[in-house]
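So you know, we letter chains A, B, ... as the sequences are listed, proteins then strands, and number each from 1.
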2 protein chains.
Amino acid sequence: MESVLRKYRGKGFKLTPQRIAILKFLDGNTSHPTAEDIYTEIKKKYPTVSFATVYNTVQALRDRGELLEITIDPQRKHFDPNPSAHHHIMCTGCGRIADVFTDYSKALTLPEEVTSEFHVTGNHVDFYGVCSDCRKKTN
Amino acid sequence: MESVLRKYRGKGFKLTPQRIAILKFLDGNTSHPTAEDIYTEIKKKYPTVSFATVYNTVQALRDRGELLEITIDPQRKHFDPNPSAHHHIMCTGCGRIADVFTDYSKALTLPEEVTSEFHVTGNHVDFYGVCSDCRKKTN
DNA sequence: TCCTATCTTGGAATAATTCTATTATATAGT
DNA sequence: ACTATATAATAGAATTATTCCAAGATAGGA
Ligand SMILES: [Mn+2]
Ligand SMILES: [Mn+2]
Ligand SMILES: [Zn+2]
Ligand SMILES: [Zn+2]
């Protein structure tokens, strides 16, 4: 879609072919890819693309609030092009990460001993479970 | 305390001097140390200790359910010798991680679209904020 | 079209973690 | 207390994730 690119034009964000490919790959992507996932995909069209470009681009997007770093997986970072407040569930079998769009903000209040010490700026709920595919396999 | 060691005697868990030092360091420790934090501490008494021993020991403890891996920090893993269900808040200034003992389990229900796909086994809430020390500094 | 700040790239550097082969030792069983 | 052996400690290499760097390339404003 052109709309993906329109968002970045004239904002001091250079739209190079590699970046455009990354933006298109991320646009609407709910798979929570790792840097390697992105790299592997972009490499199909731009075989000379480097990891540095992938990391540079996700950092630039993160700095603009267009992308989140997900820490749910102890092994590596995952990236999420949906920067709106939501949560995640990871399958402990295959590592797949899915979205959870429930708003828990009302319930996630903190005790006074914490709020007196911290100015709270955000929260994120990690759920863990086993997906249906993995349940079939282990059965 | 001897009680720390008593828990592991006669359970196929060898109590070597290095492990005892690690267990004592972790016992009641609420600082959520990294592997390096543990290594640095144990090295004071056992200068030849290796990272492999630290990682081997925390893995053994994790496998026994005596220790949790905390993923709240995108930079590195932290370890928590308190395996009971609780949550964390990290200061985005200094990286300090504090405990949150509120029980949110009642509120953290998942929509049917998620529960139909995942057998949920656990959850963890990450809070982010700025601690009072860091607020002073930035002011 | 030209200029230049910004980007891309390969490769090196860094950092976190895991692996491997060897040596050492805690502890169960005698 | 002694021994045997399963388990652990160690150094260092390997792996993996991520960042840094210097040199050449280019997007996009003037
Ligand atoms: Mn998401
Ligand atoms: Mn804790
Ligand atoms: Zn799965
Ligand atoms: Zn702080």
Side-chain angles (χ1 to χ4, degrees), chain A residues 2 4-23 25 32-64 67-79 95, chain B residues 2 4-25 32-64 66-79 95:
Chain A
E2 275 308 300
V4 198
L5 309 182
R6 207 173 298 147
K7 182 158 52 173
Y8 296 100
R9 286 201 201 289
K11 304 236 175 72
F13 185 88
K14 274 201 190 176
L15 287 169
T16 66
Q18 295 86 345
R19 285 190 162 186
I20 291 170
I22 293 173
L23 290 174
F25 174 60
H32 308 93
T34 63
E36 188 175 18
D37 294 334
I38 299 171
Y39 175 75
T40 301
E41 179 64 25
I42 307 311
K43 213 172 168 62
K44 288 180 189 168
K45 200 170 178 188
Y46 298 96
T48 67
V49 77
S50 71
F51 263 104
T53 296
V54 172
Y55 280 108
N56 286 342
T57 302
V58 296
Q59 268 181 42
L61 293 173
R62 196 214 310 108
D63 293 348
R64 279 153 211 268
L67 173 141
L68 298 176
E69 248 177 48
I70 307 293
T71 63
I72 192 171
D73 180 356
Q75 304 307 305
R76 59 188 64 72
K77 287 177 193 166
H78 292 251
F79 300 99
Chain B
E2 275 308 301
V4 197
L5 309 183
R6 206 172 301 146
K7 183 158 52 171
Y8 295 100
R9 285 202 200 290
K11 303 238 176 69
F13 185 88
K14 273 201 190 177
L15 287 169
T16 65
Q18 295 86 345
R19 284 190 163 187
I20 291 169
I22 294 174
L23 290 174
K24 284 185 175 169
F25 175 60
H32 307 94
T34 63
E36 188 175 18
D37 294 334
I38 299 172
Y39 175 74
T40 302
E41 178 64 24
I42 306 312
K43 213 173 169 61
K44 288 179 191 167
K45 200 170 177 188
Y46 298 96
T48 67
V49 76
S50 70
F51 263 105
T53 296
V54 172
Y55 280 108
N56 286 342
T57 302
V58 296
Q59 267 180 42
L61 293 174
R62 193 209 320 104
D63 293 348
R64 277 153 212 268
E66 300 289 346
L67 173 141
L68 297 176
E69 248 177 47
I70 306 294
T71 63
I72 192 171
D73 180 356
Q75 306 307 305
R76 59 187 65 72
K77 287 177 193 168
H78 292 251
F79 300 99

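- OP1 and OP2 of C/dT17 both lie 4.0 Å or more from every side-chain N or O belonging to A/Gln75.
- Phosphate proximity of D/dT26 to A/Gln18: absent, as no side-chain N or O sits under 4.0 Å from OP1 or OP2.
- Residue B/Tyr55 places at least one side-chain N or O closer than 4.0 Å to OP1 or OP2 of C/dT17.
- Positionally, the nearest nucleotide of DNA chain D for A/Arg76 lies more toward the 5' end than for the other of A/Arg76 and A/Asn56.
- Residues B/Tyr8 and B/Glu66 share a closest heavy-atom pair of OH-CG, 3.3 Å.
- Side-chain contact of A/Asn56 with A/Thr53: a donor-acceptor pair under 3.5 Å is absent, judged by distance alone.
- B/Phe13 has its side chain within reach of B/Leu15: a pair of non-hydrogen atoms, C-beta onward, lies under 4.5 Å apart.
- Backbone-only engagement by B/Pro17 is indicated by non-hydrogen atom pairs under 4.0 Å involving sugar-phosphate atoms exclusively.
- Comparing B/Phe79 and A/Gly12 along DNA chain C, the residue whose closest nucleotide (by nearest heavy atom) sits nearer the 5' end is A/Gly12.
- If you check every strand for non-hydrogen atoms under 4.0 Å, A/Gln59 touches sugar and phosphate atoms only.
- Taking the nucleotide of DNA chain D with the nearest heavy atom to each of B/Thr57 and B/Pro74, the more 5' of the two is matched to B/Thr57.
- Residue contacts for A/Thr53: at a heavy-atom cut-off of 4.0 Å it reaches a base atom on one of the strands shown.
- A side-chain donor-acceptor contact under 3.5 Å links B/His78 to the backbone of B/His32.
- Using a 4.0 Å heavy-atom cutoff across all strands shown, B/Ser50 reaches at least one base atom of the nucleic acid.
- No hydrogens or angles were tested; on distance alone, a donor-acceptor pair under 3.5 Å links the side chain of A/Lys14 to the base of D/dT26.
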